[in-house]
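Take a look at the structure below.
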Amino acid sequence: MEEGARSCLLQSRSSLEQDIRASYLMDHMISDGVLTGDEEDRIRSKPTRKEQAAALLELLLRKDNQAYISFYNALVRESYGDLASLLHNSLPLISPEAEKSFSDGGTRYVQAVLSEGGVPQRPVVFVSRPALVNRVREKLYRLQEPGWVTVFGMAGSGKSVLAAEAVRDHALITECFPGGVHWLSIGQLDRSDLLVRIQSLCFRLEQQSQEKDPSSSLHRSPGSLEEAKERLRFLMLRRYPRSLLILDDIWDSSVIKAFDIQCRVLLTTRDRSLADCVSGSKSEVAVESGLEEDQALEILALYVNGKPQRLPEQARSIVRECKGSPLVVSLIGALLREFPDRWAYYLHTLQQKKFKRIRKSSSYDYDALDQAMAASIQVLSDEHRELYIDLTVLEKDVKVPAKVLSVLWDLEPEEVEDVLQDFVNKSLLFRDCHHRPYLYYLHDLQLDFLAEMNRSGLESLHTKVVRQYQQRYSQGPPTSGDEECLYWFRFLTYHMAKANLTQEMV
Ligand code: ADP
């Protein structure tokens with residue numbers, strides 16, 4: 001059910017519970033096919049009218065737009081006009097026109113499936129790469145049996161954006177993956193982190209399947225990697241047949257082996273040969289490290305609200321200098337949005353290559369990224385620059401809520417949101433809008449850059465995290481089950497270890 005409708009139901013819940021007689025409404029809903037006989041029996045078994053009403057609403061909240069509309073119509077037919085009017089404004093549109101009305105080409109159905117599966121949204125400034133997207137879709141269409149599609153290419157070349165884009169397609173999802181699309185960010189991690197990731201995926205899948213079928217039970221978290229793998233195999237086979245698992249940014253063959261469970265997988269990686277060690281059909285799509293020139297120019301034009309043809313001559317040179325890297329073009333674009341007359345200056349910055357440093361990976365020319373990052377950080381106010389540098393302490397691929405940073409920076413959550421908005425606007429930080437509250441993260445190339453830049457100060461930055469935490473929670477650790485609490489639960493010891501404060505752990 002779409003967000004507006006759900007929210008309206010929640011707001012009107014107590015009025016509805018007071019008045020409605022579920023048994024009258026359910027007849028209509030059954031004949032509309034949005035309620036089953038079993039569900040009706042379960043609701044009728046509640047002893048009082050009010051409890052029946054509450055149970056019906058609880059069930060309705062887990063259903064789709066169609067169910068909301070059927071419930072609304074039932075209210076009208078049973079002369080609950082005043083209650084129906086509470087729901088009227090949020091009636092979802094389900095005509096074919098409305099289905100097509102999303103600007104990104106996805107339908108409401110696609111949006112709902114992808115959002116449920118945690119697939120990232122498009123970046124705010126986005127250009128399509130139709131040839132590449134089609135190549136990935138074509139491979140996915142051929143994934144009739146369990147197997148693997150590998151999307152490989154350099155860091156920052158746009159693999160994750162491409163993978164998310166490929167599944168933003170109504171026909172592909174309905175024909176090939178009616179069981180849904182499930183996204184898992186991997187990155188560089190050790191066995192215990194991998195276990196945590198699979199545990200949380202299993203938990204998510206079980207929770208969603210329980211919402212659809214309350215008779216299914218939630219299991220305790222698998223305790224070992226082997227157990228987690230078996231749990232996932234069971235879930236994919238029994239509860240989510242014909243679904244697609246997207247594993248984003250895999251580095252290690254031992255990680256991919258944990259997902260060798262006879263399901264359909266799309267993975268993004270820098271290592272082309274990763275899928276060699278697993279069984280099943282395999283295909284691959286190469287992503288060039290840079291965008292075509294006209295696409296990169298389009299990104300710049302979108303940032304400065306202009307037409308690609310009207311960009312100044314330096315635009316082409318900028319694209320050439322960073323070899324069309326989507327990540328770098330986005331950083332420079334965000335800078336130009338703020339300082340539209342600095343084309344020559346940023347070109348010069350990119351060309352200078354004064355910010356040279358040694359990289360472990362020699363396979364790619366990262367100079368352009370370093371220059372773009374250095375320039376972006378330079379235009380931050382002094383205060384914001386200091387705050388941004390604190391982000392060096394984050395672990396790769398870990399997303400944090402603003403509240404964690406409000407502890408680190410000792411600022412009000414609202415002030416933190418403002419600071420983060422500034423970083424997001426400058427493409428220095430990314431926001432995952434699927435979660436409430438929002439979660440924030442850095443691209444791993446950006447974290448590499450920060451780590452390199454602040455190498456000598458790393459220990460004291462981690463010490464700051466620990467001290468700020470101790471100050472905020474001097475009365476006792478956070479106890480709620482929210483994202484902030486989970487963060488400290490998982491990473492406080494990590495910060496202590498990096499700060500060389502392990503003696504304080506005991
Ligand atoms: P990878 O997964 O290869 O490391 P990402 O997909 O995370 O790279 O892309 C890195 C960044 O480049 C994104 O955060 C975004 O800012 C930019 N980017 C990638 N693809 C596009 C695109 N098609 N249009 C606009 N920007 C893009």
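First listed ligand is number 1; within each ligand, the first listed atom is number 1.
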Note to self: Just to verify, what does Y440 make a ring-ring contact (aromatic ring centres under 6.0 Å, His included) with, not counting sequence neighbours?
What the structure shows: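 Partners of Y440 by the ring-ring contact (aromatic ring centres under 6.0 Å, His included) criterion come out as none, since no residue qualifies.
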Across all chains, not counting sequence neighbours, the ring-ring contact (aromatic ring centres under 6.0 Å, His included) partners of H443 are none
Exercise. Is the ring centre of H462 less than 6.0 Å from the ring centre of Y494?
Worked result: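 Distance test on ring centres: under 6.0 Å, yes.
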In short, ring pair (Phe, Tyr, Trp, His ring centres under 6.0 Å) pairs touching residues 386-421 with sequence neighbours left out are Y388-F423
### Task
Indicate whether any N or O donor in one side chain lies under 3.5 Å from an N or O acceptor in the other, for Q421 and R431.
yes
Heavy-atom closest pair (K396 atom, D448 atom, distance to 0.1 Å) is NZ-OD1, 2.7 Å
Dump all N/O pairs between ligand 1 and the protein below 3.5 Å as a table: atom names plus distance, one pair per row.
unit_1   : atom_1 : unit_2 : atom_2 : d
ligand 1 : 2 (O)  : S160   : N      : 3.0
ligand 1 : 2 (O)  : S160   : OG     : 2.6
ligand 1 : 3 (O)  : S157   : N      : 3.2
ligand 1 : 3 (O)  : G158   : N      : 3.0
ligand 1 : 3 (O)  : K159   : N      : 2.9
ligand 1 : 3 (O)  : K159   : NZ     : 2.9
ligand 1 : 4 (O)  : G156   : N      : 2.8
ligand 1 : 4 (O)  : H443   : NE2    : 2.9
ligand 1 : 6 (O)  : K159   : N      : 3.4
ligand 1 : 6 (O)  : S160   : N      : 3.0
ligand 1 : 6 (O)  : V161   : N      : 2.9
ligand 1 : 8 (O)  : G158   : N      : 3.1
ligand 1 : 12 (O) : L327   : N      : 3.3
ligand 1 : 16 (O) : S330   : OG     : 3.4
ligand 1 : 23 (N) : V127   : O      : 2.8
ligand 1 : 24 (N) : V127   : N      : 3.0

